[in-house]
Amino acid sequence: MAARRIAVVTAGLSTPSSTRMLGDRLAHAALAALRARGIDATSDVFELRDYAHDLTDNLLTGFAPAPLEQMINTVVSADGIIAVTPIFSTSYSGLFKSFIDVLDPQALSGTPVLIGANAGTARHSLAIDYAIRPLFTYLHANPVPTGVFAASSDWGANADEVAPLGSRVDRGAREFADAIAAREPVQDADPFDPSSYLGEGRSFGHLLGGLSGE
C-alpha cells in the first residue's frame with residue numbers, strides 16, 4: 001500500500017507554543033492510527049509564525065516568496081491536513097486566516113482535515129464548529145466530525161476527567177485516519193506544471209487580475 005503524507009499547520013505565536021504541542025500530539029496519534037490500518041505515513045510540520053512576513057507579502061503582492069510557496073505546495077499536496085489555531089476573540093487567529101486567504105480556493109477540495117484549537121478556557125471550545133469548520137467546508141475540504149479543543153487546564157492536574165484530552169485526540173485521529181484511508185493516495189504534482197501552484201484552470205493573468213479592486 002502506498003505511503004501517505006500528512007501536513008501539520010499550527011498558528012501559535014509563542015515559543016514554546018501550546019498550539020504546536022496540540023499539533024504534535026494530534027500528528028503522533030494520526031500516524032499511529034494510520035499505521036494500525038497498515039498504512040505507512042509521514043508528517044511535515046509547519047509553524048505559521050515562521051512565515052508571517054511572507055504571508056503579508058503574498059497578501060500585498062499576490063505572489064508567494066519561495067519559502068512560502070514551497071510550504072503551500074507541501075500542504076496542499078498532502079493526503080490529509082491537521083490544522084491547529086489558537087482562539088482569539090472567539091475565533092481563529094489572524095495569522096491562521098492569512099494562511100487560508102493565500103490558498104487557491106480549490107486547493108483543499110476533498111482533503112481530510114483534522115481541526116484542533118486551543119485557548120485559555122473551555123468557554124471557547126464551540127469556536128471549532130461555528131468558526132473553523134465552516135471555513136474548511138467553504139474550501140470544499142473534508143473536516144472530520146471530531147474537532148479537538150484544548151484549554152489550558154487540559155495540560156494540567158485539573159484536566160477534564162469526563163472527556164480527557166487524550167481520548168478526544170485519539171477519536172479525532174481515528175476519524176482522520178479513516179478519511180485518509182478511504183481516498184486514493186495523492187500523486188506528487190509536477191513542480192513545473194503551473195496548475196500545481198496557480199490552481200487548475202488558473203493563469204498568471206488570474207493572479208494579476210486578482211489584485212485589482214482590492
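- Of the N and O atoms on the side chains of N118 and T19, at least one donor lies less than 3.5 Å from an acceptor on the other residue.
- Nearest heavy atom pair, residue L31 against residue S43, reads CD1-OG, 3.9 Å.
- One finds the NE2 atom of H53 at 13.0 Å from the CG atom of L68 (value rounded to the nearest 0.5 Å).
- Side chains of T146 and R171: a donor-acceptor N/O pair is present below 3.5 angstrom, by distance only.
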Candidate pair V9 and I82, rule side chain to side chain contact (heavy atoms under 4.5 Å, CB included), full reasoning: CA-CA 6 Å; V9 178; I82 296 173; over 6 Å; no
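- Between the side chain of S167 and the backbone N or O of P164, at least one donor-acceptor pair lies under 3.5 Å.
- Minimum interatomic distance between V186 and D79 (heavy atoms only, all atoms of both residues): N-OD1, 2.7 Å.
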From CA spacing to verdict: side chain to side chain contact (heavy atoms under 4.5 Å, CB included), R25, L165: CA-CA 10 Å; R25 190 161 178 177; L165 178 60; 3.6 Å; yes
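- Nearest heavy atom pair, residue L48 against residue F96, reads CD1-CA, 4.0 Å.
- Taking the charged nitrogens against the carboxylate oxygens, D101 and K97 do have a contact shorter than 4.0 Å, which makes a salt bridge.
- In the hydrophobic clustering of ILVMFWY residues, with side-chain heavy atoms under 4.5 Å counting as a link, L126 and L135 come out apart.
- Within 6.0 Å of CZ in R123 there are 12 or fewer heavy atoms belonging to other residues, nucleotides or ligands.
- Separation of atoms CG (L55) and CZ (F99) is listed at 7.5 Å; rounding is to 0.5 Å.
- Here the side chains of D44 and V8 are not in contact, with every heavy-atom distance at 4.5 Å or above.
- Between D178 and R174, no side-chain nitrogen of the basic residue sits less than 4.0 Å from a carboxylate oxygen of the acidic one, so the salt-bridge criterion is not met.
- Here the CG-CZ distance, from L34 to R4, works out to 8.0 Å after rounding to the nearest 0.5 Å.
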Side chain to side chain contact (heavy atoms under 4.5 Å, CB included) between L108 and H140, worked out: CA-CA 7 Å; L108 301 184; H140 306 289; over 6 Å; no
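- Using a 4.5 Å cut-off on side-chain heavy atoms (C-beta onward), T10 and F46 make no contact.
- Heavy-atom minimum distance, A7 versus V75: CB-CA, 3.9 Å.
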Check against side chain to side chain contact (heavy atoms under 4.5 Å, CB included), N142 and T111: CA-CA 5 Å; N142 177 27; T111 302; over 6 Å; no
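- Annotation: side chain of I72 is in contact with side chain of L103 (closest heavy-atom distance under 4.5 Å).
- In this structure, OG in S125 is found 9.5 Å from CD1 in I87, a value given to the nearest 0.5 Å.
- Between F136 and I100, some side-chain heavy-atom pair lies under the 4.5 Å cut-off.
- For the pair A11 and L95, the tightest heavy-atom approach, listed with the atom from each and the gap, is O-CD2, 4.2 Å.
- For the residue pair R5 and S77, a side-chain donor N or O sits within less than 3.5 Å of a side-chain acceptor on the partner.
- A distance of 4.0 Å separates CG of D24 from CZ of R20, quoted to the nearest 0.5 Å.
- The shortest side-chain heavy-atom distance between N58 and Y51 does not fall under the 4.5 Å cut-off.
- Two residues are said to be in side-chain contact when any heavy atoms from C-beta on lie closer than 4.5 Å; F88 and H124 fail this criterion.
- Side-chain contact between I81 and L114: absent, with no pair of heavy atoms (C-beta onward) separated by less than 4.5 Å.
- Panel note: side chain Y130, backbone T90; a donor-acceptor pair is recorded below 3.5 Å.
- In this structure, L60 and T56 have side chains that are in contact, with non-hydrogen atoms separated by less than 4.5 Å.
- The CG atom of L22 sits 9.5 Å away from the OG atom of S17 when rounded to the nearest 0.5 Å.
- Without hydrogens or angle criteria, R183 side chain to A179 main chain gives no donor-acceptor distance under 3.5 Å.
- Minimum interatomic distance between G80 and I180 (heavy atoms only, all atoms of both residues): CA-CD1, 4.1 Å.
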